[in-house]
Each structure stands twice: as structure tokens, then as C-alpha cells.
Amino acid sequence: MEHVTASEELSATLMYHVERPVFNEGYIDSELLHRKKRTPKPFQRRIAEHLRCSSEKAKSVVFGFLPILTWLPSYPLKQYLFGDIVSGISTGVMQLPQGLAYAMLAAVPPVFGLYSSFYPVLLYTFFGTSKHISIGTFAVISLMIGGVAVREAPDSMFAVNGTNASQVVDFEARDARRVEVVVALTTLVGIIQFVLGLLRFGFLAIYLTEPLVRGFTTAAAVHVSVSQIKYLLGVHTARFNGPLSVVYSLDAVFRNIASTNVVTLIIGLVCTVFLYFIKDLNERFKKKLPIPIPGEIIVVIVSTGISYGMVMSENYGVEVVGNIPTGLLPPKIPDFSVFPNLFPDAFAIAVVGFSIAISLAKTFALKHGYSVDGNQELIALGLCNFVSSFFHTFAVTASMSRSLVQESTGGHTEIAGLLASLLVLLVVVAIGFVFQPLPTTVLAAIIMVNLLGMFRQMKDIPALWRTSKIELAIWLVSFFASVLLGLDYGLVVAMGFAILTVIYRTQCPKNALLGQIPDTGLYFDVDEYEEAEECSGIKIFQSNTSIYFANSDLYVSALKAKDVELGVTREVVPGVKKQKDHVYTNGQMTENHAESESEDDFFLQRLTPIHTIVLDFTPVNFIDSVGAKTIKSVIKEFATVDVKVVLAGCSRTLLSDLRTLKFFCEPVTPDLIFPTIHDAVLHCKHSRDVPVCPDVQ
């Protein structure tokens, strides 16, 4: 065996040796770099080229709008078909009970959940770019829709023989009105998503950061769980919406808990325990099971059969799904008159729905090695919601649980989703009436067990505490605001807080004095690394932020807070050469006897004068006019005490911004700008007679 000695290892180390003059921006811009000559195209020509049609451009547009054309012609039947069939059946079997259950959350009759599990899924097959997500009903979106429906069509509007909603309510008229509101809302959601997609707003989801979305969806799980307690117990209470709706809902349930239907409770608890057991079984043995055990469809079929055989609705007062009309309803134009009242809610649902779908789509795309187009996903969701709304559906998005089933059971393309939608269609057209005796407590159990994944997101709290306190704050604010204020207001508060954290990061950057690592051109924080050595007479200041109107004063304050370390002056006043205590100016010490002796003693202890400050602009991404004026003011102020301020590490984009902002005019010139800190240090070293850092070479 050969042994590699330390000296051999060192000799094999790659060496980095560059010998060049010290550059400043004046030299770089005039001698070193020469811009490419570009002749700007006339506006008319650019428009003509943009609108010009060619076969390749037309093909690109068509394939971009209909992604199915990119993979369907080359669909490998032998490799993919069987997996897509198994996946489609598994997902469809799961889609059926969830469609019925989530319709309850949306405050519409269950059959509309089946419609929403067919039309949008069918459309997404043609327009979506993801191969694995399952489009359809989803708890969070359904709950947001239900809140709008209850607000616009409350029980009190349909009270018979009085205005008190606790009296007789015309449920048929109420449900019909709520369906109209929900359909109009879905139309508006589709329009918003489609327009945002055309305007290339696919980046919109980045403003819904992951901690925000996870806190929000966990809060939604709380809302959903609380809303299902009454169905689990078989008690009748009003549905609440808005701030503190969770508190009001719990209060109403506890006030009526004495009227709990015991049979309903037993059915609900048995189904909950069974579904939890099946879910745990599927997770434990997912590698051994060819397909997940369809626990949801099992409890639906069994409970429907028992309810029908024992006539539970009449004999035991168990609330059941009720009428499910056979066949599809004819298309109908939505009620556009309610659009003005629904726009804020529609925008929130559109953004949340897209954020959930694109995050799932990107997860699966990364896992399977393909890409998804955020803008096309917006267009696809918009078309799914808009077109389907004419056929009496409510807004949809991707479902996490169904997407996992679709992918884990061998689904390769959205053919699996197409087959799932056809299975739902079969039920709607042929056997929908079979589910009429289904107890609603079973649907409540399905919903609550499916929320377990969302409640597991509570584990984020200790993880974020260890990794990022700011992201933990976003998670907690999103959660508590959404629980207490409702999902609509909670989302607004959470987004506002998330934006504030970005501002906070720029307001509270890390400030440091840098020193050189000997025999290198590298500079690091002298407070953190013992190898970093300050260069005599030169102080290098770094603030890890961009400089703009909101933090330019803070930047200057942070710089002046280093005055004691800089050894320049306790205060610099514009236009006045004012020096307090013993101040070193180009090696000459001046005195101000009016000041205290303690400060005199402090400054007398400084061993070397400071003649140059280097502002490291490497972290600065942008600067505005206020920031530029502030930096120019700093340069002038320190010049009054004969201290030179230079800039280092500016990007070409930042330099272009500085030129646009008229930054370079006397006394500030491009000669004060250096491409690296090392260039600046070498220049400042050799421009002074004072002996400085001996290791700088």
C-alpha cells in the first residue's frame, strides 16, 4: 500500500497565482473593458419580430399550451399503460369519497363534489405540465369556498316563518343559492389564474414561502376539524365564518352536546379508528403492498350498506347524504352579478390553490427528473376552474394524499388522472344514487383522518427553532392568524408579516470589520476568525445588505458605530472639520481641551492613525438614489477629517446603477472604486508613507 506524505499532498495542491497591476474602476472602464457595440432595433421592428409567425414558433406555442402533445405521441404503452391503469383506479377509488366529503366543506350538496372530481381532472390531462399530481377537491380550498358560500347565503336568509335561523330553514333554496355563489366564485378564480398565467406571473408562489404555507394549511386543518365535529356527534349548529369562527363553532357544539346522536357518534368513531388503522398499515407496508388498501371506499360501501339495511335515517335519526341525482347537469352560465363581492376571496383562493399545486408539482418533477412550467400550471388551473364552473363545479387544486397515491401506485403520466376521472363519471352517470344512504358522519371521519398529514406539520416548530427563528415566526404568525382571524384575513396577515421579515433582514444586517488572512487575498471578519489580521491604517467595513431608502441611515449608523474601532472621530459633521478629543489625522494628533480626560486617554491609546476606510460592496445587490446620496455624503464627511473612503467589490450592474444615479462627480470619481478588497488595500497601502500591513503583497 502506498502512503501519501504531507509534503507530496502539498505539492499536489492546485496553485492560484496571478500577477497583475492594481485595478480601479477608472482604469477598468477606460482601458480593460470595452463594451460590445449593439445597434438597438427600432420599436416597430421588435414588434414585427414578436408578432411574426413561423412554423416553429406556432409549434412551440401549441405544444406549450397543450403539453399533452409533447408526450402522448411517444407514450410507451408496454412500459407505462399497466402502471397508469392501476394508479388511475386507485386514485379514482380515493377520489370518490373525498369528493363527497369535501363538498360538505364547500357548503354544497355532495354530488357537486363528484362533478368537481370529474371535469377539472379531465381538463388538466390536456393542459397540465405535471405528470403525477392529482387535481380535484382539496380540504383547504373547499373550506375557503365554504366560508364564502355561508357568508353570502347564510341560513338566516332562508328562514321560514321568521328571521331566526334556528327555526325552519328552506334548505333547498339555501343550497341552490350557495351553489350559485360557489360556481360564480370558481369562475372568478379560473379567470384570475388564467390571466396571471398569460401575464407570466408564475413566480407569484414564491411570496407564499414554505413556512407560511405549512402554517396556513395546519391552521386550515384546525378549521376543518372543528367544522366536522358536529357531523361526528350528530348535533345541529350554525356554520360560522370570519374572525374567531373556530371559537364560536366549538362553543356552539359544546352548548348542544347534550343532543348528541349516540348512533352517529359510534359510527363516526368506528370509521375514524378503522381509517386510521388502514392509513397506518399502508404507511408501514407501502413497499410490500402492490397498491394501498382503499380504506375510504371500504368504509363508504360498508356504512352505506348498513345504513340502507337498518334504515338508520328513519329509525335512529342518523343524518345521511340524501338525494344524489343520476347523470350530469346541463351547463349553465354563472351569476356574474356577485363578482364584485367575491373578488378578494377569489384572488386568495387562486393564489393558495396555485401555490399548493405548484409545490407538489415541483416536488414530483424533481424526484422523477422532468420540469414543470409555473406559468402553464396557472393557465391549466385557470382553465380547469373556469371551464368546469359552467358545469356546476367548485374550485380545485392538487391533493397531497391523492397525488402520493397516484405516484406510489405506478402512475407515470396524467393518463392515470384521466382514468380516475372516468371512474368518477361512471359513478355519477350510473350508480350515484347508491350512496344516498351514506351517513355524513362517515364523510366527517374521512376528512378528519386525511388531515393527519397536515397536523404532522406541527413538527416544523422544533425543527425551525433549531434552524431559523425568522421562519419559525412566519410559521407561527401564519398559523395563529389563520386560526383566530379566519383563513382569508389570516393569509393576508401572514403574507404581510413575511414581507416584513424581508424588510427586517435588510434593517438588521450583520456588520463586520474585515481582516486579511496572511499570504492570501482573502478577507474575513476579525471578530470571528483569529487568523484574520487588520491592516494598519486601513479599516474594511462590510454590511451584509443592499443600500436603499429604508436602510441607508442604518448603514451610516452602523459605520459610525465602529468609530471607536476605526479610531477616526466620535462624530463627523458635514461641512465642519470638527474633531473631538485626540484624533489622528494623517498621523497628526489634535486636541480639544474642552472634552473629558477619559476620552483623551482613550484616543491617546490608539497606536496608529486611520487614513483609509474600505467599504466592501460585495454583498450589495442594488442601490437607489437615497442610498447613493448617503454613500457620497459619507465619503465627503470622512474627507473633512482627512480620511479617504473607497469602495470595493461592486458588481457591474451596481456600477451601472451608480452611473445612472450620477454618483461619479467631484469629489467622488471612478478611481475610488476597486474590483476587489485586495486591490483597494494594495492601492491604499502604497498611496501612504505610513507603514502598513506587511503581509499584503
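- For Arg284, the salt bridge (Lys or Arg N to Asp or Glu O under 4.0 Å) partners two or more places apart in sequence, or in a different chain, are Asp280.
- Between Arg151 and Asp345, at least one side-chain nitrogen of the basic residue sits less than 4.0 Å from a carboxylate oxygen of the acidic one, meeting the salt-bridge criterion.
- Residues Arg456 and Glu283 are paired through a salt bridge, judged by an N-O separation under 4.0 Å between the basic side chain and the carboxylate.
- Not a single donor-acceptor pair under 3.5 Å links the side chain of Lys230 to the backbone N or O of Val235.
- The side chain to side chain contact (heavy atoms under 4.5 Å, CB included) check on Ile89 picks up Ile85, Val93, with sequence neighbours excluded.
- Residue Leu425 holds its CG atom at 8.0 Å from OH of Tyr119, rounded to the nearest 0.5 Å.
- Under the side chain to side chain contact (heavy atoms under 4.5 Å, CB included) test applied with Pro97, the options Leu275, Ile446, Ile447 reduce to a single match, Ile446.
- Every residue meeting the side-chain hydrogen bond (donor to acceptor under 3.5 Å, both in side chains) condition with Asn261, not counting sequence neighbours, appears here in chain and number order: Thr264.
- Of the candidates Val182, Val181, Val189, Phe394 forms a side chain to side chain contact (heavy atoms under 4.5 Å, CB included) with just one, namely Val182.
- Remark: Glu180 engages Arg177 in a salt bridge, criterion side-chain N to carboxylate O under 4.0 Å.
- When only modelled atom types and interatomic distance are considered, Thr187 and Ser389 share a side-chain donor-acceptor pair under 3.5 Å.
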Would you tabulate the side-chain donor-acceptor contacts of residues 482-496 under 3.5 Å, counting partners in other chains and residues two or more places apart, or write 'none'?
residue : atom : partner : partner atom : Å
Ser482  : OG   : Ser478  : O            : 2.7

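- Not counting sequence neighbours, the partners of Asp460 by the side-chain hydrogen bond (donor to acceptor under 3.5 Å, both in side chains) test are Arg214, Trp475.
- Inspection of the Gln457 and Thr217 side chains reveals an N or O donor paired with an N or O acceptor under 3.5 Å.
- Under the salt bridge (Lys or Arg N to Asp or Glu O under 4.0 Å) criterion, Arg255 pairs with Asp251, not counting sequence neighbours.
- Classification of the Phe240-Tyr248 ring pair by plane angle, with boundaries at 30° and 60°, yields tilted.
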